[in-house]
Every structure is written in C-alpha cells, then in structure tokens.
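What follows is a short report on a single structure.
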Amino acid sequence: MAERDSAPGAAELRAYRALLGAQARSQAAYRTSFVVDLVGNVGATVFDVVTVLVIFGVTRELGGFTLRETLVVVGLSACGFATADLLVGNIERLPRYVRTGLFDAVLVRPLGALPQLLLMDLPLRKLSRAVFGLAVLLFALVSAGIDWTPGRVALAVVAPLAAVVFFASVFVLTATVSFYWVDSGELANSVTYGGRDFTSYPVTVYGGWFRALFAYGMGFAFVSYHPALALLGRADPLGLPPWAGWAAPGVAVVAAALAALAWRVGVRHYRSTGS
C-alpha cells in the first residue's frame with residue numbers, strides 16, 4: 001500500500017471538509033461536555049505560565065532575563081505548541097492504528113493518509129488552549145516594552161507561525177517512528193512535550209550537551225528564544241549573531257521537509273496486518 005502522491009483535487013477537498021464537519025458536529029453534540037472539555041484543556045498552558053510566575057516569585061532574573069522578557073519566550077512557545085497540538089497532535093494515535101491494523105483502512109481510501117489521520121478525532125476541545133496561548137503571547141508583546149519597527153512587527157507575526165510549523169513537524173517526525181517500533185509512544189512524548197517545556201524558558205538556563213542537543217542540534221532554540229531576542233532587541237548572551245533571531249522560518253521549513261520525507265519513507269515501509 002502507498003499513500004497518494006498527487007495534490008488534492010476538488011473532490012478530495014470536499015471529502016476533507018466533510019470529515020472536519022462531521023468531527024465538529026459530533027464533538028459539539030453534547031454541549032455541556034464540550035464546554036467542560038474546552039475549559040479543562042486550558043489547564044496545561046495555564047500551568048506553564050503559572051510555573052514561570054512562581055519561579056519569578058523567588059528571583060528577579062532567570063538566565064539573565066526579566067519576567068517580561070521571559071513571558072515573550074513563554075508566549076511564543078505556548079502559542080506555537082498549543083496550535084500545533086490542536087491541528088496535528090492527534091497523530092500521536094498512529095501507534096494504535098499501526099498496532100491494531102486500522103491504518104490499513106486509512107490507506108485503502110482514495111484520500112491522503114496524513115490528512116485523514118489529522119481529521120479523524122480532531123481534538124476541537126484543544127481550541128481553548130490555542131486561544132489562551134495566543135492571548136499570553138499578545139500580552140507579553142504588549143507589556144515587554146518592545147521598540148516596534150516594521151521588521152519586528154513582521155517577526156511578531158511570522159515567528160508564532162514558524163513555531164506552529166516546527167512543532168507540527170516534530171509531532172509527525174516522532175509519530176513515524178511507530179512504523180518501525182510500535183511501542184514508541186513514550187519516546188515521541190519525551191521529544192514533543194519535552195520540547196515544549198524546553199522552549200518555555202530562555203536556553204541560557206540550560207548548559208552543556210543538553211543545551212547543545214536540544215537548542216541547536218534539534219533546533220528548539222529557534223522556536224522562541226532567538227525570535228524573542230530579536231523582538232526585544234537583545235544581543236544573544238551565548239554569542240550567536242543577531243540574524244539568528246530571524247532564522248525561525250527557515251528552521252521551520254527544514255523541519256517540515258524532514259517530516260514530509262520521514263512520513264513518505266515510513267508509509268512505504270509499513271506492512272499491512274492483513275486485516
């Protein structure tokens with residue numbers, strides 16, 4: 001079996017819209033439950049912000065950054081991750097589909113496998129988390145005292161979008177491991193959610209091989225830390241040049257290309273269960 005390689009046509013787009021509409025109607029059918037889920041899902045992102053506030057309750061600086069500066073880092077990370085989790089996060093169910101043979105049913109349909117997986121059980125309840133993440137970012141940008149220029153306005157728009165693309169790529173990349181190792185869920189979570197936690201703080205709080213691996217080897221420093229430096233007009237304490245703050249879109253494109261390649265190779269490697 002192989003995934004369709006052609007671009008989606010009008011009929012396929014209508015099918016995807018129908019899948020999305022069906023998910024929205026089914027999840028909103030029980031309104032009270034849906035509202036409770038919406039409210040409850042804000043908790044994870046709220047906890048990330050509260051953790052930072054608690055830390056600053058006992059210190060004035062964190063890795064050389066003030067509270068307002070750190071909130072810019074937190075806002076970029078929270079907005080990017082929460083939105084990517086809403087749009088792509090349910091790809092984490094791929095190991096179950098592979099293990100049970102449900103992925104066979106996805107492949108035999110005349111639609112792209114990845115779009116189907118993303119639209120199946122789309123977690124609309126996570127919309128509140130994405131909205132809260134955006135609100136945190138907007139508050140941080142307004143309160144940080146940024147000297148706004150046209151370039152920084154553009155970066156304030158592009159950097160969160162790049163963060164979404166980067167985190168979405170990480171979700172897909174880690175999920176493809178299940179084509180080779182079905183019980184890879186914990187490994188995937190350690191990278192996706194560990195990456196979220198890593199990007200919620202200035203990378204100056206980390207050190208040694210850990211910072212080198214996550215920040216630059218895996219590119220997480222370009223999700224929130226370097227864009228925040230560029231927005232704040234600060235030099236990098238670690239010595240990277242100012243243009244590093246503008247590299248987020250390029251890093252996101254590279255991550256997306258790697259995720260697309262890994263997905264294609266993984267699907268071709270997949271062997272049907274015969275179910």
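Keep in mind that what you see is a predicted model, and the values were worked out from it rather than measured.
Cluster membership check: Val158 does not share its hydrophobic cluster with Val153, using side-chain heavy-atom separations under 4.5 Å among Ile, Leu, Val, Met, Phe, Trp and Tyr. Follow the hydrophobic side-chain contacts under 4.5 Å out from Leu240 and you reach Val251 in the same cluster. Phe198 is not connected to Leu173 by any chain of hydrophobic side-chain contacts under 4.5 Å among Ile, Leu, Val, Met, Phe, Trp and Tyr, and they are in different clusters. Both Val170 and Tyr201 belong to a common hydrophobic cluster when Ile, Leu, Val, Met, Phe, Trp and Tyr are linked at side-chain heavy-atom distances under 4.5 angstrom. Put simply, Leu261 and Val88 are part of the same group of oily side chains (I, L, V, M, F, W, Y) that touch within less than 4.5 Å, one to the next.
Residues Asp48 and Val52 are not in side-chain contact: their nearest non-hydrogen atoms beyond the backbone lie 4.5 Å or more apart. Between Leu67 and Leu53, some side-chain heavy-atom pair lies under the 4.5 Å cut-off.
To the nearest 0.5 angstrom, Thr192 atom OG1 is 12.0 Å from Ile91 atom CD1.
The minimum heavy-atom distance linking Thr199 with Ser77 is given by the pair OG1-OG, 2.7 Å. In terms of heavy-atom proximity, Val164 sits nearest to Thr83 at CG2-CB, 3.7 Å. For the pair Ala168 and Ala84, the tightest heavy-atom approach, listed with the atom from each and the gap, is N-CB, 3.7 Å. Shortest non-hydrogen contact noted between Ala230 and Arg152 is O-NE, 3.1 Å.
The ring of Phe65 has its center no closer than 6.0 angstrom to the ring center of Phe56. You'll find the ring centres of Phe220 and Tyr225 outside the 6.0 Å limit. Checked against a 6.0 Å centroid threshold, the rings of Phe214 and Phe210 count as neighbours.
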Go through it in stages, so that I can follow the logic: the residues are Phe179 and Phe103, the test is ring-ring contact (aromatic ring centres under 6.0 Å, His included), and I'd like the CA-CA distance, side-chain angles, deciding distance and then a yes or no. CA-CA 10 Å; Phe179 289 124; Phe103 193 63; 5.5 Å; yes
